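Reviewing the structure listed below.
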Amino acid sequence: MKRRLLLMMVILLILTLAACGEPPTVNSDFSGSFTVRYGDADYTGELTKDGGALAIVMTAPYTVEGMTFTYQGDALRIGYRGHETETTAGYLAEACIPSYLHNTLPYLPQAEYVDTTDGVDRFTLPTPSGSAAVTASSGTLKSLTVAPNGLAFRFEGSMGDTAPDKALRN
C-alpha cells in the first residue's frame, strides 16, 4: 500500500513539474511580409530582421513600391530604382513605416508574456515611445501594434526563420 501511495505521489509530482514550463517567447530574427493601414492607404512590404540588421522592401502602394530601407546599427541605406544613399537611422521622421519598425522590433527579446487564447500568445513590448502589443503563434510574430498611435502591423510568411536577403548582405 505504501509503495502504491509513493508511486502515485511521484507521478503527481512529475505531472506537476511538467506543467510548469517556460512562458512562450517571440522569435526576434525572422523574415516575411507585412501589411499596415497608415492614413488612408494600405501599405505592404517584405521584411528581414537578422540580429542588428533590418531590411524593408516596400511593395505597395505604387507610390513607394520598390523602395528599400536597410538598417545596420545606426546606419540607414535607402534605395529606389537602382539609386541608393546612405545616412543615419535618425534621418527619417519617426512617424513613417520604416521608422516604426526600426524603433520597435529590436525590443522583441524583451517582450513580456501576457496570456494565450486559441493558440495565440499575447505579449506587451516595452519601447522608448511606449508599450506595444504583440501577438505570436509558436514564437512566430503575427501582429504588432505600436505606441503611441496604435498603428497595427500584420505579419505573414516565414516569420520564424531568418532568410538570407540581398539587402542584408551588402
Side-chain angles (χ1 to χ4, degrees), residues 4-38 42-59 69-76 89-90 92-165 167-169:
R4 284 186 185 172
L5 182 60
L6 181 61
L7 181 60
M8 288 178 58
M9 289 179 71
V10 168
I11 290 173
L12 182 61
L13 179 63
I14 290 172
L15 290 175
T16 303
L17 291 175
C20 298
E22 291 290 318
T25 60
V26 182
N27 297 333
S28 58
D29 291 338
F30 51 82
S31 66
S33 61
F34 69 87
T35 60
V36 63
R37 180 147 187 91
Y38 189 55
D42 292 321
Y43 291 83
T44 62
E46 299 293 324
L47 173 101
T48 300
K49 183 176 176 311
D50 187 9
L54 173 66
I56 302 165
V57 179
M58 300 301 299
T59 57
F69 302 87
T70 306
Y71 294 89
Q72 182 71 47
D74 287 337
L76 167 62
L92 293 178
E94 285 186 34
C96 71
I97 291 169
S99 291
Y100 282 124
L101 292 168
H102 175 258
N103 295 336
T104 305
L105 293 177
Y107 296 94
L108 281 176
Q110 299 171 18
E112 300 167 0
Y113 175 71
V114 175
D115 65 17
T116 301
T117 305
D118 296 329
V120 176
D121 303 319
R122 293 184 325 134
F123 301 85
T124 57
L125 186 63
T127 70
S129 60
S131 184
V134 173
T135 62
S137 181
S138 301
T140 302
L141 185 63
K142 295 296 180 191
S143 71
L144 168 69
T145 304
V146 297
N149 69 355
L151 200 60
F153 290 86
R154 300 285 176 243
F155 299 96
E156 295 179 12
S158 59
M159 297 303 290
D161 301 318
T162 302
D165 186 277
L168 291 177
R169 285 185 259 138

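Just so it is clear, the structure is predicted and the values come from calculations on it, not from any experiment.
The closest donor-acceptor contact from the side chain of Thr48 to the backbone of Ala55 lies at 3.5 Å or more, if one exists at all. Not a single donor-acceptor pair under 3.5 Å links the side chain of Thr116 to the backbone N or O of Gly119. Without hydrogens or angle criteria, Ser99 side chain to Ala93 main chain gives a donor-acceptor distance under 3.5 Å. For the pair Asp29 (side chain) and Gly51 (backbone), a donor-acceptor distance under 3.5 Å is present.
Taking each heavy atom of Ser129 and Ala147 in turn, the nearest pair found is OG-O, 3.5 Å. Residue Pro126 comes nearest to Gln110 through the heavy atom pair CD-O, 3.7 Å, listed as atom of the first residue, atom of the second, then distance. The minimum heavy-atom distance linking Asn103 with Glu94 is given by the pair ND2-CG, 4.4 Å. Among all heavy-atom pairs drawn from Gly45 and Thr59, the shortest one is N-OG1, 3.4 Å. In this structure, Gln72 and Ala53 approach most closely via the heavy-atom pair OE1-CB, 3.1 Å. For the pair Ala111 and Val26, the tightest heavy-atom approach, listed with the atom from each and the gap, is CB-CG2, 4.4 Å.
For the atom pair Glu156 CD and Thr35 OG1, the distance stands at 6.5 Å (nearest 0.5 Å). A distance of 5.5 Å separates OG1 of Thr145 from CZ of Arg154, quoted to the nearest 0.5 Å. Atom-to-atom distance recorded for Ser131:OG and Phe123:CZ is 13.0 Å, nearest 0.5 angstrom. Atoms CD and OG, on Glu46 and Ser31 in that order, are 8.5 Å from each other to the nearest 0.5 Å. With values rounded to the nearest 0.5 angstrom, Thr135 atom OG1 is found 9.0 Å from Asp121 atom CG. Atom-to-atom distance recorded for Thr127:OG1 and Tyr107:OH is 7.0 Å, nearest 0.5 angstrom.
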**Q.** Test log, rule side chain to side chain contact (heavy atoms under 4.5 Å, CB included), inputs Phe69 and Leu92
**A.** CA-CA 10 Å; Phe69 302 87; Leu92 293 178; 3.8 Å; yes

**Q.** side chain to side chain contact (heavy atoms under 4.5 Å, CB included) between Leu144 and Phe34, intermediate numbers included
**A.** CA-CA 10 Å; Leu144 168 69; Phe34 69 87; over 6 Å; no

Q: Please report the C-alpha distance between Thr104 and Phe153 in whole Å, then the side-chain angles of each, then the deciding distance to 0.1 Å, and finally whether the side chain to side chain contact (heavy atoms under 4.5 Å, CB included) criterion is met.
A: CA-CA 11 Å; Thr104 305; Phe153 290 86; over 6 Å; no

Q) Please walk me through it: do Leu108 and Phe30 pass side chain to side chain contact (heavy atoms under 4.5 Å, CB included)? A) CA-CA 11 Å; Leu108 281 176; Phe30 51 82; 3.5 Å; yes

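The neighbour count for Asp115 CG, taken as heavy atoms of other residues, nucleotides or ligands under 6.0 Å away, is above 12.
Ring-plane geometry between Tyr100 and Tyr38 is classed as perpendicular, the angle between the planes exceeding 60 degrees on a 0 to 90 degree scale with a lower cut at 30.
With a 4.5 Å cut-off on side-chain heavy atoms, Val134 and Leu141 count as touching.
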